[in-house]
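Contents: one structure, followed by commentary.
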Protein chains: 4
Amino acid sequence: MRRDGAENRERILLAAEHVFGTGGAAASTEEIARQAKVGVATVFRHFPTKQDLIEATAVRYLQKLEEQLRLLIDEADPGRAFVSLVQTLVSTGATKMTLLNLLHTDGQGLSEPVTAAVHTFYDAIQQVLERAQAAGAARPDATVQDVSVLVRALAHVVPLVADAAVDRAVKIVLDGLGATG
Amino acid sequence: MRRDGAENRERILLAAEHVFGTGGAAASTEEIARQAKVGVATVFRHFPTKQDLIEATAVRYLQKLEEQLRLLIDEADPGRAFVSLVQTLVSTGATKMTLLNLLHTDGQGLSEPVTAAVHTFYDAIQQVLERAQAAGAARPDATVQDVSVLVRALAHVVPLVADAAVDRAVKIVLDGLGATG
Amino acid sequence: MRRDGAENRERILLAAEHVFGTGGAAASTEEIARQAKVGVATVFRHFPTKQDLIEATAVRYLQKLEEQLRLLIDEADPGRAFVSLVQTLVSTGATKMTLLNLLHTDGQGLSEPVTAAVHTFYDAIQQVLERAQAAGAARPDATVQDVSVLVRALAHVVPLVADAAVDRAVKIVLDGLGATG
Amino acid sequence: MRRDGAENRERILLAAEHVFGTGGAAASTEEIARQAKVGVATVFRHFPTKQDLIEATAVRYLQKLEEQLRLLIDEADPGRAFVSLVQTLVSTGATKMTLLNLLHTDGQGLSEPVTAAVHTFYDAIQQVLERAQAAGAARPDATVQDVSVLVRALAHVVPLVADAAVDRAVKIVLDGLGATG
DNA sequence: AATGAATGAGCTTTCATTCAT
DNA sequence: AATGAATGAAAGCTCATTCAT
């Protein structure tokens, strides 16, 4: 029965990622259960609270993003890598960034696993950033936090305005970051 | 009983601005009524739909912002004015910018008064921006939309991170915008 | 100021008759006030309770019906008069009969003026009926109550089925009543 | 947990039949839930809309009536069967016929199951009627619709007047229908 | 005497969460 | 371990009725 449990957990997280992305905060647990083809109670067995589900989904999402980032670390052109990082984070973060918002709904109280995931995530960013800075392809005084804040800001705005407008905004921010990729 | 009505309407809008800012979309009409020291029904008498209340609050908020912006148009240093504009919009927009999101919840369907308010608001931005561009204190190809998008993006992030981090992000964006104030 | 009062009372009753007829029980006092071009409070000054308004409207309606009935008493052909009575009551009672239902909402508790109006109303029916019976144009053992019950029954059904179907039903009932008009 | 669900559904429908019968359109879902000893939400799980509940109750009621009617089809005396049909429909239809009215509240839009139930119901009436007509125990030109309309009319009036008065009215209608049972 | 605003109770409906099977 | 049913709390909204002007 261990396999069933794991499979269900997986399906739930997948459904949650999709539903939270699409519907935002309005998403109901029952809708997630339906998409995961599971009973509601099963969702609550795996994630006792909705907040728990949100956090788990967020963690999973951060981990997937981080994987993509790791690929950039080995790219030949450090400047290009940095530009890609920002663009990737903004575009993929788009719909899913709602998740991070939900986390802040209660004010704070992020659980340890989440902070850990955020930490690891930031670490990946740092490596790309530092390589770019070493190559003169990014403003020397830029910090990981700067990148993170700017990316989150831009991501928030993606669902609200036209793609072209987002692209222009990203370009301006990249200029501000001294990115030459 | 005209006075009572006006006073209540005022108190409701004030409460709404506060509650929508703080709690975001999750804000309940009942909470607003409570803070305005009014029965729920009174809120619904003044604003038949929750959407109506949201729109009215947003309009009021935009108008207040616009007033502040008009002051900047007459400032001596155009570059300084532009920098102030961005800083003001981000900081004041901070908690309240949730309102603008709510407006986009439906995708569109904004009522005429709201679009009018947005229009006037954009117009004020344009004047400050153009004056700065003429003085070489802002990137020549920057548009009102660019400014608007960036400001909204930053505003979204204000409640989520420390003030110092926001200041740094704003600075980087201003650099990207070629602002020399 | 006496005239204003009387005029308003009149307009309110008129509006009430229309609204109760059209919308049935779902009718709101505010809607009635609106149609009467009066404030809600004015309605409540004249009729302290909604039930009071309903009763007053019903009384007025009964009186108007009774007037029409009185005309039939003097008609030449007693049989024809009786048939007309039934037809008139069913068709005019149609939309307005909702009122009589509303009266029974509480189960009982009809106020004295209402019972009085009903009494007078029944009296008019009785005269037409007796004249028809004397002329052999109505079943001898039929009572006022029989007519009243049957008419109310048919009136209830008017808004629910096609006119032709009602006509057929009325005819059958008239046959049952031995009406030869 | 299938049994609990079925039991509850049953209790809800029973309560609904009672409450809708008694209180008419004014009946609240909450009252029904209370009488069924169930939470309101449970009612809405079984019947997503109030209209759904009304329709389900009506269907159930029609089915029960129809069953009784089927028994009459096999009765020895066709005339007696027809008389019984009318009497049964009027007396049992009494309080519950409010339901059919509620269905017409929206004008129409009856869902398919309801129209199906009505159809079957009418079919049962037709069989009894035709057998009576063949035996010369019912007016030859009477149609199912005539019977239906008259019965509905009488049923409406049952809760409003004394039983004896209803009996007299039924007798007159039966005479009109040429029923000799 | 008349009004429009205010109100509290109530209605339908949804949701996160818990039980019984 | 998994499920569907049950639930209480709350949300948006309406209505008969009462006040302040």
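Throughout, a chain's letter reflects where its sequence line sits, starting with A, and its residues are numbered from 1.
You'll find that the side chain of A/Lys50 is closest to E/dT17, out of F/dA16, E/dT12, E/dT17.
For A/Ala117, the side chain to side chain contact (heavy atoms under 4.5 Å, CB included) test picks out A/Val59, A/Leu62, with sequence neighbours left out.
Across all their heavy atoms, C/Glu30 and B/Arg45 have their closest contact at OE2-NH2, 4.2 Å. Considering all non-hydrogen atoms of both residues, D/Thr57 and D/Ala16 come closest at OG1-CB, 3.5 Å.
Using a cut-off of 4.0 Å between Lys/Arg side-chain N and Asp/Glu carboxylate O, B/Glu17 and B/Lys64 are scored as salt-bridged. A salt bridge links B/Glu10 with B/Arg60: the distance from a Lys NZ or Arg NE/NH1/NH2 to an Asp or Glu carboxylate oxygen falls below 4.0 Å.
Side-chain contact between D/Leu53 and D/Phe44: absent, with no pair of heavy atoms (C-beta onward) separated by less than 4.5 Å.
Summarising the geometry, the separation between CD on A/Glu30 and P on E/dA16 is reported as 8 Å, rounded to the nearest angstrom. In this structure, CD of C/Gln51 is placed 15 Å from C1' of F/dT17, rounded to the nearest angstrom. Atom P of nucleotide F/dA1 and atom CZ of A/Arg9 are separated by 15 Å, given to the nearest angstrom. A/Asp52 places its CG atom 12 Å from the C1' atom of E/dA16, with the value rounded to the nearest Å. Atom C1' of nucleotide E/dA6 and atom CZ of B/Arg34 are separated by 18 Å, given to the nearest angstrom. The distance between atom CD1 of C/Ile54 and atom C1' of F/dA16, rounded to the nearest whole Å, is 11 Å. Atom P of nucleotide F/dA1 and atom CD1 of A/Ile12 are separated by 14 Å, given to the nearest angstrom. Spacing between atom CD of A/Glu31 and atom C1' of E/dA16 amounts to 15 Å, rounded to whole angstrom units.
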Pairing of DNA chain F as dot-bracket, 5' to 3': ( ) intra-strand, [ ] crossing, | other strand, . unpaired, with Watson-Crick or G-U pairs under 3.5 Å? .||||||||||||||||||||
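In terms of phosphate contacts, C/Thr29 brings a side-chain nitrogen or oxygen within less than 4.0 Å of OP1 or OP2 of F/dA16. Checking the phosphate oxygens (OP1, OP2) of F/dA2, a side-chain nitrogen or oxygen of A/Asn8 falls inside 4.0 Å.
Judged purely by distance below 3.5 Å, without hydrogens or angles, the side chains of B/Glu31 and B/Gln35 pair a donor atom with an acceptor atom.
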Would D/Ile32 and D/Val40 count as a side chain to side chain contact (heavy atoms under 4.5 Å, CB included) here? Give the steps. CA-CA 8 Å; D/Ile32 292 170; D/Val40 217; over 6 Å; no
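Taken residue by residue, residues 36-48 of chain D places heavy atoms nearer than 4.0 Å to DNA chain E at D/Val40, D/Ala41, D/Phe44.
Side chain of C/Thr42 to backbone of C/Val38: no donor-acceptor contact under 3.5 angstrom is found.
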